[in-house]
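All values below come from the heavy atoms of this structure, side chains included, with hydrogens, waters and symmetry mates left out.
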Amino acid sequence: MALPANITKLPATIARTLAARGSVAAAPVVLVVLVVGLAVLSNRTDPAKVETKEDTPVEARRLVSTSKGMTEVAEDADTGKKSATPKTTAAPATARPAASAPRPTETTAKAAPTTAAPEDLSGFIGPVPPEPWPVGCRCAPLTGLGYDSPFGAGGPAVAVKVSNASQADPQTGLNRADLIFEEPSHGITSVSRFLAVFHSRDVDTVGPVRSARTSDPPLLAPMGRPILAYAGANKGVHWIVDIRERDGWLVQAHENKDGAPEFFRLDGRRDEHSLFARRNSLVQTFGGLTAPPNQQFSFMEEGEQNAGAKPASKVALKIAGTSSGFIWDEKSKMWLRNQYGRPHVNKTNGAQIGRSSVIVLTTKYQGSFADLASLEAVTFPDRPGQGVASGQAWVFTGNTVTQGTWSRGSEVARFDLRDLQGRPMGIQRGPVYVGLTSAPPTYS
């Protein structure tokens, strides 16, 4: 593919990197004036483009029931719960637009009003078992099960960049994602970030939403043009997302696009943990430009196992600076997730995040061409003549683990999972987690 004409406007190193990948960048009065000026400039700054030290703990607060009623108390961010706040109003679900629905070409929609935060009930009723997944037709391509989404099995996939900073935990809606990728966000010691893909489940409010990374488009390309919802990005990431949208890999939606009624901020806040996405609105606006997602992994039938499978009950791993783990739960037949030393739950109902399969892949971490300070998990051939990208793989599905390798021949290819003898590896039907790590997991 020929490079766009404006590639010459990018730094030479970025241009070379993209070419190598073949696709594609009075004193009181003065003081008052300065303060006002800084405030105006601050309000004009896109908060989605401001990177923060998300791994720095902040004071959190929670409500505690006492004999005198509810009391708000402070608690350490790495070990405590967040404060309860008013409940949000979810956007109503309506029918998916026709496939020929035109994309908005001018900014006619007004920004949605601020909305109260989703009510945090996780500290009062959680953790509770993970929500059961619908069975039915076994036609949902990402889980191999049924669906309860208002858009049906033929609806589009919506991939949302979700914060995993301690200030964002517990997140809203993450437990109902069909597929969750966990990847680096900044440096090797910083927190991870999720790319959560929603398709088969009935879920609307998702967040907090954060910025995109150059790791994201290659993960989404095999799905066949999903919606990518994100807070924003620096110029280099925006440039590559624009290119990939024109290539047909995805349809992008972010806070400052076309008035962005698909996003809302909490209570007038403008910090990095206040932005949420309306999944139903995203489908209503952009769904006509997409197609249902493609299946990503091979599903096994009930009672079937991988040839090299061994018993397993728990796994611990580390993505960049975030340590997490999963424990097999025989009752729910799921791997239950924990992080920050506690169960990882959904904010609004306390339901623990459960996955039928946990796939851990070792990948190379490198500085992104868009921002060398941000790590990129390399899941694709990134050098001319490389042939394939590959690494180690561990597939935890059912109460078993199978060790092997993964490979991809291009950025649009699915992950090819094989055991140590070269035999294909499959997974049980259900929701999936994929961790992109630079170090092997520990398990037993």
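Rounding to the nearest 0.5 angstrom, the gap separating the OG atom in Ser323 from the CG atom in Leu317 is 8.0 Å. Asn234 contributes atom CG, which lies 7.0 Å from atom OG of Ser368 (distance to the nearest 0.5 angstrom). How far CG of Leu282 is from OG1 of Thr290: 11.0 Å, rounded to the nearest 0.5 Å. Note that CD of Gln428 and CG of Asn399 are 9.0 Å apart. Values are rounded to the nearest 0.5 Å. Rounded to the nearest 0.5 angstrom, Leu289 CG and Ile227 CD1 are separated by 8.0 Å. Separation of atoms CG (Leu275) and CD (Glu255) is listed at 4.5 Å; rounding is to 0.5 Å.
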Exercise for the section: Evaluate the criterion side chain to side chain donor-acceptor pair (under 3.5 Å) for residue pair Trp394 and Gln392; output intermediate values, then yes/no. Expected result: CA-CA 7 Å; Trp394 291 262; Gln392 295 176 285; over 6 Å; no
Exercise for the section: For side chain to side chain contact (heavy atoms under 4.5 Å, CB included), just list the numbers for Leu179 and Val434, CA-CA rounded to whole Å, side-chain angles, deciding distance to a tenth of an Å, and then say yes or no. Expected result: CA-CA 8 Å; Leu179 175 58; Val434 179; 4.0 Å; yes
Practice task
Under the side chain to side chain contact (heavy atoms under 4.5 Å, CB included) rule, what do Met223 and Asn294 come out as? Steps first, then yes or no, please.
Solution key: CA-CA 5 Å; Met223 293 184 198; Asn294 301 318; 5.5 Å; no
Practice task
Show your working on side chain to side chain contact (heavy atoms under 4.5 Å, CB included) between Lys318 and Thr322 and close with a plain yes or no.
Solution key: CA-CA 5 Å; Lys318 191 171 187 178; Thr322 300; 6.0 Å; no
Exercise for the section: Decide yes or no on salt bridge (Lys or Arg N to Asp or Glu O under 4.0 Å) for Lys364 and Asp382, but give the supporting numbers first. Expected result: CA-CA 11 Å; Lys364 180 176 69 175; Asp382 65 335; 3.2 Å; yes
Handout entry: Arg418 vs Asp416, salt bridge (Lys or Arg N to Asp or Glu O under 4.0 Å): CA-CA, chis, key distance, verdict
Key = CA-CA 7 Å; Arg418 296 183 178 271; Asp416 183 13; 3.1 Å; yes
Handout entry: salt bridge (Lys or Arg N to Asp or Glu O under 4.0 Å) assessment of Glu131 paired with Arg176
Key = CA-CA 8 Å; Glu131 298 175 334; Arg176 289 195 170 191; 2.7 Å; yes
Problem - Criterion salt bridge (Lys or Arg N to Asp or Glu O under 4.0 Å) on Arg244 and Asp247, from CA distance to verdict - result: CA-CA 5 Å; Arg244 292 318 192 187; Asp247 289 342; 2.8 Å; yes
Problem - Chi angles and distances behind the side chain to side chain contact (heavy atoms under 4.5 Å, CB included) call for Leu195, Leu220 - result: CA-CA 9 Å; Leu195 178 64; Leu220 298 178; 3.8 Å; yes
Handout entry: Stepwise side chain to side chain donor-acceptor pair (under 3.5 Å) check, Ser357 with Thr397
Key = CA-CA 4 Å; Ser357 299; Thr397 189; 2.8 Å; yes
Exercise for the section: Given side chain to side chain donor-acceptor pair (under 3.5 Å), test Thr437 with Thr362 step by step and report yes or no. Expected result: CA-CA 5 Å; Thr437 179; Thr362 59; over 6 Å; no
Exercise for the section: Could you give me the CA-CA distance, side-chain angles and deciding distance for Asn164 and Gln171, then say whether side chain to side chain donor-acceptor pair (under 3.5 Å) is met? Expected result: CA-CA 8 Å; Asn164 196 28; Gln171 294 87 354; 3.2 Å; yes
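Judged purely by distance below 3.5 Å, without hydrogens or angles, the side chains of Gln305 and Thr400 never pair a donor atom with an acceptor atom. There is a side-chain donor-acceptor pair under 3.5 Å between Asn346 and Thr348.
A salt bridge links Arg342 with Asp169: the closest approach of a Lys/Arg side-chain nitrogen to an acidic carboxylate oxygen falls below 4.0 angstrom. Using a 4.0 Å cut-off between a side-chain N of Lys or Arg and a carboxylate O of Asp or Glu, Arg201 and Asp148 qualify as a salt bridge. By the 4.0 Å N-to-carboxylate-O rule, Lys161 lies close enough to Glu183 to be salt-bridged with it. Ion pair Arg193/Glu182 not flagged as a salt bridge, since none of the NZ, NE, NH1 or NH2 atoms sits closer than 4.0 Å to an Asp/Glu carboxylate oxygen.
In this structure, Glu302 places its CD atom where only 12 or fewer heavy-atom neighbours from other residues, nucleotides or ligands lie under 6.0 Å away. Within 6.0 Å of CZ in Phe194 there are more than 12 heavy atoms belonging to other residues, nucleotides or ligands.
Here Tyr433 pairs with Phe326 under the ring pair (Phe, Tyr, Trp, His ring centres under 6.0 Å) rule; sequence neighbours left out. For Pro431, the side chain to side chain contact (heavy atoms under 4.5 Å, CB included) partners are Trp133, Met334, Arg355, Ser356, not counting sequence neighbours. The side chain to side chain contact (heavy atoms under 4.5 Å, CB included) search around Asn338 returns Ile327, not counting sequence neighbours. With sequence neighbours excluded, the residues satisfying side chain to side chain contact (heavy atoms under 4.5 Å, CB included) with Phe299 are Gln295, Ile427, Arg429.
Looking at heavy atoms from C-beta onward, Ile243 lies out of side-chain contact with Trp249 at the 4.5 angstrom threshold. Side-chain contact between Pro130 and Ile353 is absent, with no heavy atoms from C-beta onward closer than 4.5 Å.
Taking the six-membered ring for Trp and thresholds of 30 and 60 degrees, Phe415 and Phe181 have ring planes inclined between 30 and 60 degrees apart.
Of the residues Val162, Leu174, Val432, the one that meets the side chain to side chain contact (heavy atoms under 4.5 Å, CB included) test with Ile180 is Leu174.
The backbone N or O of Pro218 sits less than 3.5 Å from a side-chain atom of Arg408, completing a donor-acceptor pair. With hydrogens and angles disregarded, a donor-acceptor distance shorter than 3.5 Å links the side chain of Trp335 to the backbone of Gly398. With hydrogens and angles disregarded, no donor-acceptor distance shorter than 3.5 Å links the side chain of Glu245 to the backbone of Val251. Remark: side-chain polar atoms of Asp419 are paired, donor with acceptor, to backbone N or O of Arg423 under 3.5 angstrom. Of the possible polar contacts, none joining the Glu262 side chain to the Ala277 backbone as a donor-acceptor pair under 3.5 Å is found.
Between Phe276 and Phe263, the gap from one ring centroid to the other reaches at least 6.0 Å.
The minimum heavy-atom distance between Tyr147 and Cys139, with the atom names listed, is CE2-SG, 3.8 Å. Considering all non-hydrogen atoms of both residues, Leu417 and Ala393 come closest at CD2-CB, 4.3 Å. What you find for Asp178 and His199 is that their closest heavy atoms are OD1-N, 3.2 Å. Across all their heavy atoms, Ser215 and Ala377 have their closest contact at OG-N, 3.0 Å. Met425 approaches Asn306 most closely through the heavy-atom pair CA-OD1, 3.4 Å. Between Gly232 and Ser211 the shortest heavy-atom distance is O-CB, 2.9 Å.
The ring pair (Phe, Tyr, Trp, His ring centres under 6.0 Å) contacts involving residues 206-236 comprise Tyr230-His238, Tyr230-His254, where partners must be two or more places apart or lie in separate chains.
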Side-chain donor/acceptor pairs under 3.5 Å, residues 152-160, sequence neighbours excluded:
none

